[in-house]
Amino acid sequence: MRIDLLTLFPDMCETVMAESIVGRARKKGALQVCCHQIRDYARDKHHSVDDTLFGGGMGMLLLAEPIAAAFDDVLERVGRKPHTIYMSPQGKTLTQKRVCELAQEENLVILCGHYEGVDERVLDAYVDEEISIGNFVLTGGELPALMLADAVSRMIPGVLSADECFEEESHYAGLLEYPQYTRPAVWRGREVPEVLLSGHHANIRKWRREQSLLRTARKRPELLRDAVLDDKDLKFLEQNEFIKQA
């Protein structure tokens, strides 16, 4: 996959995407991330990227032309129209399901807004969807864009060591992840659950599934409505009096 970030702060984005798992994936060629400075595409001698709002109002708005020129440059490099996303508090809230869907794309372009946002005309012309990370507002779209890029990147083959690294995580299958422990077996008087020390893989899988169900029912019961549950899951939840709460 290739991910292009259009931003006023490419160094900020590059620093984050060069670290840890994503950084290693880029070095070995499993993922390509390109950070573009929108200001480089400005036409005037001052490299202006913003202006005042028609109709009045506080703040400045990002100009359409530099962003459009950046989009056109990426399109020329990629050779086709990439799926284009604008990070916006007006977009649909990001979910793991949408992350999995976006991971199937070959190319993503993510536009980071700033100031009061972006001229609506460039959104109409280029953007396929708007995505939000929650019902709050930040000073710019870089942090949301990096969160989306990171979430999508780790779903790409070759980024993580194996699919199991994400298949059992919170939200992937609609449930929260089970508790996890490491050495020592007893820490400050608190013991690791005995089943995890037993070496009995079937019992461990059963315990982990039940713990995921319990955690979800207690912390995020609304997730159970869309989770894929079998008869054993439903019986377990009923026995623990969580069915009505969910």
Side-chain angles (χ1 to χ4, degrees), residues 20-22 83 85-105 108 110 128-138 141 143-156 159-183 185-246:
S20 189
I21 293 172
V22 174
H83 186 77
I85 299 164
Y86 174 48
M87 304 308 299
S88 164
Q90 298 185 26
K92 291 184 178 179
T93 304
L94 184 63
T95 64
Q96 187 63 36
K97 179 176 182 294
R98 188 62 188 136
V99 167
C100 294
E101 293 167 350
L102 290 172
Q104 304 305 311
E105 299 281 348
L108 293 177
I110 307 175
D128 296 303
E129 68 174 312
E130 297 184 23
I131 290 180
S132 169
I133 60 166
N135 298 327
F136 53 92
V137 179
L138 299 173
L143 290 176
L146 290 168
M147 291 170 66
L148 173 60
D150 183 276
V152 170
S153 295
R154 60 198 313 280
M155 306 297 295
I156 305 303
V159 174
L160 299 182
S161 58
D163 290 351
E164 288 79 3
C165 294
F166 58 75
E167 287 178 347
E168 294 187 1
E169 291 179 328
S170 294
H171 300 295
Y172 181 80
L175 299 175
L176 301 184
E177 192 174 15
Y178 47 79
Q180 300 190 78
Y181 305 85
T182 187
R183 294 182 179 83
V186 180
W187 174 76
R188 297 188 180 185
R190 298 172 182 266
E191 299 181 0
V192 171
E194 187 175 346
V195 64
L196 298 179
L197 308 176
S198 68
H200 195 298
H201 298 299
N203 286 348
I204 291 173
R205 284 194 298 271
K206 179 175 181 290
W207 180 87
R208 285 175 169 172
R209 179 66 178 183
E210 291 175 348
Q211 290 299 310
S212 288
L213 290 167
L214 287 175
R215 279 200 159 183
T216 306
R218 288 168 178 161
K219 296 183 176 182
R220 297 288 304 278
E222 75 279 5
L223 295 178
L224 293 175
R225 290 194 293 268
D226 298 320
V228 179
L229 306 176
D230 59 23
D231 291 339
K232 290 182 180 179
D233 295 332
L234 294 171
K235 184 177 180 180
F236 177 78
L237 288 169
E238 186 175 5
Q239 289 174 342
N240 286 273
E241 299 182 350
F242 281 113
I243 289 292
K244 291 182 179 179
Q245 293 183 34

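Residue numbers count from 1 along this sequence. The basis for the numbers below is simple: all heavy atoms, side chains too, and nothing from hydrogens, waters or symmetry mates.
Going from atom NZ of K232 over to atom CD of E210 covers 10.0 Å, rounded to the nearest 0.5 Å. A distance of 9.0 Å separates CD in Q211 from CG in L196, rounded to the nearest 0.5 Å. To the nearest 0.5 Å, the span separating CG on L94 from CG on L102 amounts to 7.5 Å. One finds the OH atom of Y178 at 9.0 Å from the CH2 atom of W207 (value rounded to the nearest 0.5 Å). A distance of 4.5 Å separates CZ in R220 from CG in L223, rounded to the nearest 0.5 Å. A distance of 9.5 Å separates CD in E101 from NE2 in H83, rounded to the nearest 0.5 Å.
Remark: D230 CG is packed, more than 12 non-hydrogen atoms of other residues, nucleotides or ligands lying under 6.0 Å away. Environment of CD in Q180: crowded, with over 12 heavy atoms of neighbouring residues, nucleotides or ligands closer than 6.0 Å.
S153 and V159 get closest at one heavy-atom pair: O-CG2, 3.1 Å. The two residues S132 and S88 have their closest heavy-atom pair at CB-O, 3.1 Å. Shown here for G174 and T216, the closest heavy-atom pair between the two residues is O-CG2, 4.5 Å. Heavy atoms only, all atoms of each residue included: L237 and A217 are closest at CD2-CB, 4.1 Å. The minimum heavy-atom distance linking A151 with M155 is given by the pair O-CG, 3.4 Å.
Considering only residues two or more places apart in sequence or on other chains, R209 meets the side chain to side chain contact (heavy atoms under 4.5 Å, CB included) condition with L175, L213, L229, D233.
Between the T93 side chain and the I133 main chain, no donor and acceptor come within less than 3.5 Å of each other. Panel note: side chain N240, backbone F236; a donor-acceptor pair is recorded below 3.5 Å.
You'll find the side chain of I131 reaches within 4.5 Å of the side chain of M87, heavy atoms only.
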